[in-house]
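Structure first, then comments.
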Amino acid sequence: MAGPSADEWIAACRRAVEVQKRVFSEHRGIAARTQYEGVGEGGDRTLVIDRLCEDAIFDELDALHQSGHEFTAVSEERGSVSFGNGDSPLKVVIDPIDGSLNARRTIPLHSVSIAVAEGDSMQDVTLGYVYEFGAGEEFLATQDGGVELDGSEISSPEGDGLELVALEASKPERMMKATESLQGRAYRIRSPGSIAVGLCYVACGRYDGMITTRPCRSVDAAAGQLIARNAGAALEFAGGGLEDAPLDLSARYDLAAARTPADLRVVREAQEAVNA
């Protein structure tokens, strides 16, 4: 049987988001959101809100599987989970809360990131879904090249330099190296705290560029990179192309994106300075 249609995937994502909204509403305040429950397969301590948000997505995946579809889920908390006999090339790459620290500290900028792929690499991603809970915005990219923000088509506008650059995974010592490289080349720095949101903001022109200051995981980037690419942004996984960036949870890679190839070269130089 063929996999779910794009409409089926999108509807499942939206239903999961509604459950996640209730999770955040029911866990108000830093103390309520700072409850832990073991360590996830991605290596980070698992917050209770992480698990509950992941449960909402897996409930939807279970329903799709019960409808006859087979696929493998790759998720930050549960790792790789097969829905079927494991032979289907279809993958669903999930970060139930991208920006968990923001969510825990009640900073209103965190997202859910869900990507569907027909293979094992970033190049194979055919659907990207990111919902940012602070602004209540939905970013969506599909296989046909379309990309939308809340149902309206968007594209990354032509850049005229680096007015705003986002730095992700930003420990102070890494920030210092990156900002030194960007002196005189970028006007202002931002650190949103969600790689998926950073990529979406490049896609719609809010940021002129973004880099990770330490290697990111597939679950952080799989949906957002398709959204950025479909919008016309330039993007690079350091050390290789999209086909060289696997979707398994153990993979790590530097990621950079910008509105133009010229600006991408500048932010990549800053990224290389961090790693020097």
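Just the heavy atoms: all of them, side chains too, but no hydrogens, waters or symmetry mates, feed the values below. Each residue takes its place number in the sequence, starting with 1.
Rounding to the nearest 0.5 angstrom, the gap separating the CE atom in M122 from the CG atom in D244 is 12.0 Å. Atoms CG and CH2, on L61 and W9 in that order, are 6.0 Å from each other to the nearest 0.5 Å. Rounding to the nearest 0.5 Å places OG1 of T34 at 6.5 Å from CD1 of I30. A distance of 14.5 Å separates CD in E76 from CZ in R51, rounded to the nearest 0.5 Å. Annotation: the span from S194 atom OG to I107 atom CD1 amounts to 12.0 Å, rounded to 0.5 Å. Atoms CG and CG, on L52 and L47 in that order, are 10.0 Å from each other to the nearest 0.5 Å.
No side-chain heavy atom of S111 sits less than 4.5 Å from a side-chain heavy atom of F139. Taking the side chain as every heavy atom from C-beta outward, V81 and S75 never approach each other to under 4.5 Å. Using a 4.5 Å heavy-atom cutoff, the side chains of N275 and R174 are in contact.
In this structure, E173 places its CD atom where more than 12 heavy-atom neighbours from other residues, nucleotides or ligands lie under 6.0 Å away.
The hydrophobic cluster containing L101, built from Ile/Leu/Val/Met/Phe/Trp/Tyr side-chain heavy atoms closer than 4.5 Å, comprises no other residue. Through direct or indirect side-chain contacts shorter than 4.5 Å among Ile, Leu, Val, Met, Phe, Trp and Tyr, I211 is connected to L162, V165, L167, M175, L182, I189, L264, V266, V267. Applying the under-4.5 Å side-chain rule to Ile, Leu, Val, Met, Phe, Trp and Tyr, the cluster around Y187 consists of that residue alone.
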Should K91 and D248 be marked as a salt bridge (Lys or Arg N to Asp or Glu O under 4.0 Å) after you check the CA-CA gap, both sets of side-chain angles, and the distance that decides it?
CA-CA 10 Å; K91 286 184 169 55; D248 60 273; over 6 Å; no

Practice task
Report the C-alpha separation of R268 and E272 in whole Å, then their side-chain angles, then the decisive distance to 0.1 Å, and conclude whether the salt bridge (Lys or Arg N to Asp or Glu O under 4.0 Å) test is met.
Solution key: CA-CA 6 Å; R268 276 287 292 128; E272 289 167 356; 3.1 Å; yes

| field | side-chain contact (heavy atoms from CB on, under 4.5 Å) between D98 and V130, worked out | value | CA-CA 9 Å; D98 187 43; V130 173; over 6 Å; no

Check your understanding: Are I57 and V19 close enough, and set up right, to give a side-chain contact (heavy atoms from CB on, under 4.5 Å), and what steps lead you there?
Key -> CA-CA 9 Å; I57 298 167; V19 176; over 6 Å; no

Q) Could you walk me through whether R78 and D55 pass the side-chain contact (heavy atoms from CB on, under 4.5 Å) check? A) CA-CA 10 Å; R78 302 193 196 191; D55 287 348; 2.6 Å; yes

side-chain contact (heavy atoms from CB on, under 4.5 Å) between H69 and L90, intermediate numbers included: CA-CA 10 Å; H69 302 296; L90 199 61; over 6 Å; no

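Under the 4.5 Å side-chain heavy-atom criterion for Ile, Leu, Val, Met, Phe, Trp and Tyr, L247 and V112 are members of distinct hydrophobic clusters. Residues I114 and F24 fall within the same hydrophobic cluster, defined by Ile, Leu, Val, Met, Phe, Trp and Tyr side chains chained together at heavy-atom separations under 4.5 Å. One hydrophobic cluster holds both I195 and V74 under the rule that ILVMFWY side chains link at heavy-atom gaps under 4.5 Å. When hydrophobic clusters are built by joining Ile, Leu, Val, Met, Phe, Trp and Tyr residues whose side-chain heavy atoms come closer than 4.5 Å, directly or via intermediates, L127 is not grouped with L242. V93 and V197 fall within the same hydrophobic cluster, where Ile, Leu, Val, Met, Phe, Trp and Tyr residues are linked whenever their side-chain heavy atoms come under 4.5 Å apart, directly or through other members.
The minimum heavy-atom distance between A270 and S181, with the atom names listed, is CA-OG, 3.3 Å. Of all the heavy atoms in V202 and A233, the pair that sits closest is CG1-CB, 3.9 Å. Residues H27 and V23 approach most closely at ND1-O, 2.8 Å, considering heavy atoms. Across all non-hydrogen atoms, the minimal contact from E70 to N85 is OE1-OD1, 3.5 Å. Nearest heavy atom pair, residue S100 against residue I97, reads OG-O, 3.1 Å. Shown here for I94 and V219, the closest heavy-atom pair between the two residues is O-CG1, 3.2 Å.
Every pair passing ring pair (Phe, Tyr, Trp, His ring centres under 6.0 Å) that includes a residue from residues 247-276 is listed here, sequence neighbours excluded: F237-Y253. Among residues at least two apart or in separate chains, side-chain hydrogen bond (donor to acceptor under 3.5 Å, both in side chains) pairs with a member in residues 123-141 are R14-E138, K21-Y131, S121-D124, Y129-E138, E137-R206.
If you check the side chains of E77 and T46, you find a donor sitting under 3.5 Å from an acceptor. Remark: the D144 side chain and the T142 side chain contain an N/O donor-acceptor pair separated by less than 3.5 Å.
Formation of a donor-acceptor pair under 3.5 Å by the D220 side chain with backbone atoms of R217 is found in this model. With D95 contributing its side chain and S113 its backbone, the two residues share no donor-acceptor pair below 3.5 Å.
Cation-pi geometry between R190 and Y207 is not met at under 6.0 angstrom from the ring centre and within 45 degrees of the axis.
For D254, there are no salt bridge (Lys or Arg N to Asp or Glu O under 4.0 Å) partners at least two apart in sequence or on another chain.
Note on R104 versus D50: no salt bridge recorded, every NZ/NE/NH1/NH2 to OD/OE distance being 4.0 Å or above.
M210 pairs in a side chain to side chain contact (heavy atoms under 4.5 Å, CB included) with only one of the listed residues (L164, L235, L199), which is L199.
Relative ring orientation between F83 and H65 is described as perpendicular, the plane-to-plane angle rising above 60° on a 0-90° scale split at 30° and 60°. Between H110 and F133, the two ring planes are parallel [angle under 30°; tilted spans 30° to 60°].
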